[in-house]
Amino acid sequence: MFLDIAHYFPITNPTAIFFVVLCIILFAPIIMGKLRIPHIVGMVLAGVLIGQYGLDILQRDASFELFGQVGIYYIMFLAGLEMNMENLKKNKWRMLLFGFTTFSIPFIITFFLGTTTLHYGITASLILGCIMSSNTLVAYPIVGRYGVQRHNSVVLSVGGTMVALFLALVVLASIAGAHQHGGGVMFWVWFILKLILYVVGMVMLVPRLTRWFLRRYSDAVMQFIFVLAELTLSAILSEIVGLEGIFGAFLAGIILNRYIPRLSPLMNRIEFIGNALFIPYFLIGVGMLIDVRILFHGGGIVWVVLLFVFVGTFGKAIAAYLACIGFRLPLTSGHMMFGLTSAHAAGAIAMVMVGRRLLTSTGQPLVSDDMLNGVVIMVLITCIISTLVTERTAKRLIIANKAHPDETEQTDDEKILIPVKYKDVADKLLDTAILMRNAKLNRGLVALNVVYDDKKRQKNQVAGRELLDMLVKMANASDVRMQTQVRVAANIANGIKHAFKEFDASEIVMGMHIHKEVSPKFWGEFAQSLYNGLNRQIIFVRLKQPLNTLRRIQVAVPSRAEFEPGFHRWLERLERLAGNLECRIDFHGRESTLQLIEYYTQENHPNIRAHYVVMRHWNEMPQLAESINNDHLFVVVTARQGTLSYKTALERLPDEIEQHFSGTNLMIVFPDQYGERMDSMTFSEPQHQEEKSAYQTIHYWLRHLFTRDKTTNT
C-alpha cells in the first residue's frame, strides 16, 4: 500500500505543485500562530518537510528557482522602499560604521577559526568569512507587520546589512577573480569602472524613466509590471557587474523610494504580491535545500554545524551590541539589530555555490561537502534565531514607544461612515455617531445604503434614498452635515469597502444584527468579508434603548490594549460619548492599562465621570455581567489575532455574550491595526479575499455573534 502511494511522489504536475505550495502558504501561519512561532520559520520548516531530503513530496524545480529568486529580490526591494530616507541621511555615518563592524568582526573570527580549528585552506576560509559576514533580511517582514520599519535600529540594520553584503560580495568577487584569472590591477580597474557606471546609470536614468512612465500611464497593472521590470533589470545589471542581484534589488528600492509612497495603492500591491507569493516561495525553497539527516551521519558534521552557527551568530551579536553601546542606543535597539542581521539565507547559499564552482589544483571543489552541508543547516538555525529575536523585540519596541501616550499624536482625520439598511436601527446609529464625533472639527458624517444588483434593485434604491433622506433631516436638526450615497453592488461588504475608500472615511459605525428573513450564513460571511477588508476601526452597535436613557458605560479592555495603534481613537470616541451623555464610564482592565487610560482622561477629558476597576484576567467577564443593568452600555474592546493584546480567551466571547449579555446594550470595537492598509486598496481585486486566513479565529466568534441573536435589526 505504501509503495502504491509512494509511486505518486515526488509530484511533477505543475498544477499540483502550485497547489501544494499554496496550501503551505495558507496553513503555515495558522499552525505557527497556534504554536506562537513566527510563520517565517514555518515556511522554512515546511520546505524541509516536503523537500527531497524530507518526505520527498516536491522537487526543487525551476519554479522554486524563479519565484525564490524573485522572493529574495522582493525582500531587499521592500527594505529599500520602506526606509525612512530622512533617517537614512541623518544616520548615514552610523550606518556605514555599523555595516563595517558587522562585516569585519564575523569575517575575522570566521577566518581565524577556519584556518586553525577546521583546518581549511586560506581561500576556503576567506569564502567562509564572506558567508558569515553577510546576512539576509529574512525577518524583515516581521518589522513590517508590527509597523516599526522606520525605527532607528531597523534603519541601521537594513543599511548595515547592505554595507556588509556589499563588502562581502566585493571580497568574494576578488577571491574568484584572483583564483580564476590571477587578479591583478586590470581586474580591479575594470570591476570599479563597471560598478561606477552601474550606480551612476541607475541613479541618473531610473528616476527620469519612472517619472515619465507614472505620469503617462495610470493603469494599476501597468505600473506594477513597470516597477517589477525595473527591479529585475537592476538585479541583472548588478550580477553583470560582479555583485549579487540582491544588491541591485536594494539599490532599486532606494532609488524608487520617493516615487512609491508608503500608503499608495501601488505600494500596497507590491507588498501584497510579495508577501502572498514570492517571499513564501523563497522561504520554502530555502527549506528544501536543507538536509537535516546529515546531522546523524557522525560527530564531525555536528561539530562543523555548531561551529558555523556559533560564528554566524556570535560575531553578529558582538557587532550589534558594540554598535548599540557606541551609538548610545537602548538595549532593545541592540536586540533588534542583532535579530535582523543574524540570519543567513540567500547570500550564504549563493556564496557557497560560488565556492563550489572554484576548483583546487587536484580538480576538487574548493568548498567541501562538509562546508556545504554545514552552511545549509546553519541557514535553518540562524533563520529561526533571527525571526524569534526580531518578533520578540518588535513587540518590545512598540511597548517602549507607546508607554507614554502623546496627545500630539491625536489625529484629525475623523470621518465616520454609517452603513444603514433598516429604519428602526438607523436613527440609533446616527445618534451614536453624532455623540462620538468631534464637534470642534465640524466634520460631516457619511450615511450609506448598499443594495443588491438584482431584480429588486430599483425598488430598493428608492427605499434607500427615503431612508437616507430621513437621516439627513435628523442630522440637520443636530446641525450636523451629512453626505449620503445609495450604492449598487453585487456584494454588500465590497460596496461598503469601496465607499469607505471613496469618502476617505476614518471608521465605521454600524448595526450588529439583522432581520430574520436574511440568511444567517450570508451575514456571517458578510461580517468576515468586511473585517478582512478593513484594518481601520469598526464599531458594531446593538442598542435595546435610546442612547440618552443610558446611565453608565462599562468598558472591558484587554491587557496591552494601550500598545495597539488604535488605542487613542476608540478611547477618544467612548469618552466623548460619555461626556455628551453625561453618564458615568467604568473601565475594566489591567492596572497598567488603566493607569494610561486615567492619564489620557485627565489630560483630555477631565470633566467626565470615569472610574477604573481592575480586572486581572479576561475570565472575569461573567462576574462583570452581574454589575451591568438594562440601562448600561457594555463595550468590549477586542483584539485581532496576532496583535499584542490578543488572547485565546477572546475565542470564548460569543458564548459568554450569549449566556451573560444577551439582553444588554452592546458595543464591540475593533481598533485600528498595523499591517496591510486595506482602506487604501482597490478592494475589487480578488487577491485581497485570500487574507482571511490570518484572522480565522476572530472570524469564528464573529460569525457566531452575528447569527445567534436575530431579533434586532441592522
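Residues take their numbers from the sequence shown, with the count starting at 1.
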Whether [X] side chain and [Y] backbone form a donor-acceptor pair below 3.5 Å:
| X | Y | result |
| --- | --- | --- |
| Ser342 | Gly339 | yes |
| Thr101 | Leu97 | yes |
| Thr117 | Gly114 | no |
| Arg396 | Thr332 | no |
| Ser386 | Thr382 | no |

Using side chain to side chain donor-acceptor pair (under 3.5 Å) as the criterion, list what pairs up with [X], not counting sequence neighbours.
| X | result |
| --- | --- |
| Thr110 | none |
| Ser104 | none |
| Ser238 | none |

So, taking the atom named [atom1] in [X] and the one named [atom2] in [Y], what distance separates them when rounded to the nearest 0.5 Å?
| X | Y | atom1 | atom2 | result |
| --- | --- | --- | --- | --- |
| Met378 | Ile385 | CE | CD1 | 10.5 Å |
| Asn152 | Met336 | CG | CE | 12.0 Å |
| Leu251 | Leu231 | CG | CG | 11.0 Å |
| Phe77 | Ser234 | CZ | OG | 9.0 Å |
| Leu126 | Thr123 | CG | OG1 | 6.0 Å |
| Tyr140 | Ile279 | OH | CD1 | 10.0 Å |

Quiz prompt | Greater than 12 external heavy atoms within 6.0 Å of Arg392's CZ | solution = no

Quiz item: Would the number of heavy atoms belonging to other residues, nucleotides or ligands and lying under 6.0 Å from CG of Leu331 be above 12?
Solution: yes

For residues [X] and [Y], determine if any side-chain heavy atom of one lies less than 4.5 Å from a side-chain heavy atom of the other.
| X | Y | result |
| --- | --- | --- |
| Met202 | Tyr198 | yes |
| Val155 | Met95 | no |
| Thr393 | His151 | no |
| Val21 | Leu58 | yes |
| Leu233 | Leu237 | yes |
| Thr161 | Val158 | no |
| Met43 | Ile25 | yes |

Only counting residues at least two apart or in another chain, list the ones meeting side chain to side chain contact (heavy atoms under 4.5 Å, CB included) with [X].
| X | answer |
| --- | --- |
| Leu55 | Leu49, Ile57 |
| Val163 | Leu96, Leu167 |
| Thr232 | none |

Provide the closest heavy-atom pair for [X] versus [Y] in the form atom of the first, atom of the second, distance.
| X | Y | answer |
| --- | --- | --- |
| Ile240 | Lys194 | O-NZ, 3.7 Å |
| Ile131 | His344 | O-ND1, 3.3 Å |
| Asp672 | Pro565 | O-CD, 3.9 Å |
| Ser153 | Leu397 | OG-CD1, 4.1 Å |
| Phe111 | Ser125 | CD1-CB, 3.6 Å |
| Leu118 | Leu128 | CD1-CD2, 4.4 Å |

Exercise. List the steps, then state whether side chain to side chain contact (heavy atoms under 4.5 Å, CB included) holds for Ile273 with Leu228.
Key: CA-CA 11 Å; Ile273 296 297; Leu228 199 61; over 6 Å; no

Going by ring pair (Phe, Tyr, Trp, His ring centres under 6.0 Å), name the residues that satisfy it together with [X], two or more places apart in sequence or in a different chain.
| X | answer |
| --- | --- |
| Phe98 | none |
| Tyr74 | Phe278 |
| Phe27 | none |
| Tyr73 | none |

Exercise. Let me see the working for Trp190 and Leu193 under side chain to side chain contact (heavy atoms under 4.5 Å, CB included), right down to the final yes or no.
Key: CA-CA 5 Å; Trp190 179 232; Leu193 180 62; 3.8 Å; yes

Quiz prompt | Residues Val171, Phe107; criterion side chain to side chain contact (heavy atoms under 4.5 Å, CB included); working and verdict | solution = CA-CA 11 Å; Val171 173; Phe107 185 86; 4.3 Å; yes

List the atom pairs, with distances to 0.1 Å, where a side-chain N or O of residues 308-325 and a protein N or O form a donor-acceptor pair under 3.5 Å, not counting sequence neighbours.
{"from": "Thr313", "atom 1": "OG1", "to": "Val309", "atom 2": "O", "distance (Å)": "2.7"}
{"from": "Thr313", "atom 1": "OG1", "to": "Phe310", "atom 2": "O", "distance (Å)": "3.4"}
{"from": "Lys316", "atom 1": "NZ", "to": "Thr102", "atom 2": "O", "distance (Å)": "3.0"}
{"from": "Lys316", "atom 1": "NZ", "to": "Thr102", "atom 2": "OG1", "distance (Å)": "3.3"}
{"from": "Lys316", "atom 1": "NZ", "to": "Ser133", "atom 2": "O", "distance (Å)": "2.6"}
{"from": "Lys316", "atom 1": "NZ", "to": "Asn135", "atom 2": "OD1", "distance (Å)": "3.3"}
{"from": "Tyr321", "atom 1": "OH", "to": "His335", "atom 2": "ND1", "distance (Å)": "2.7"}

Exercise. Could you give me the CA-CA distance, side-chain angles and deciding distance for Val48 and Met288, then say whether side chain to side chain contact (heavy atoms under 4.5 Å, CB included) is met?
Key: CA-CA 5 Å; Val48 175; Met288 295 177 71; over 6 Å; no

Quiz item: Looking at residues at least two apart in the chain, or sitting in another chain, which of them share a salt bridge (Lys or Arg N to Asp or Glu O under 4.0 Å) with Glu591?
Solution: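 Residues passing salt bridge (Lys or Arg N to Asp or Glu O under 4.0 Å) with Glu591: none at all.
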
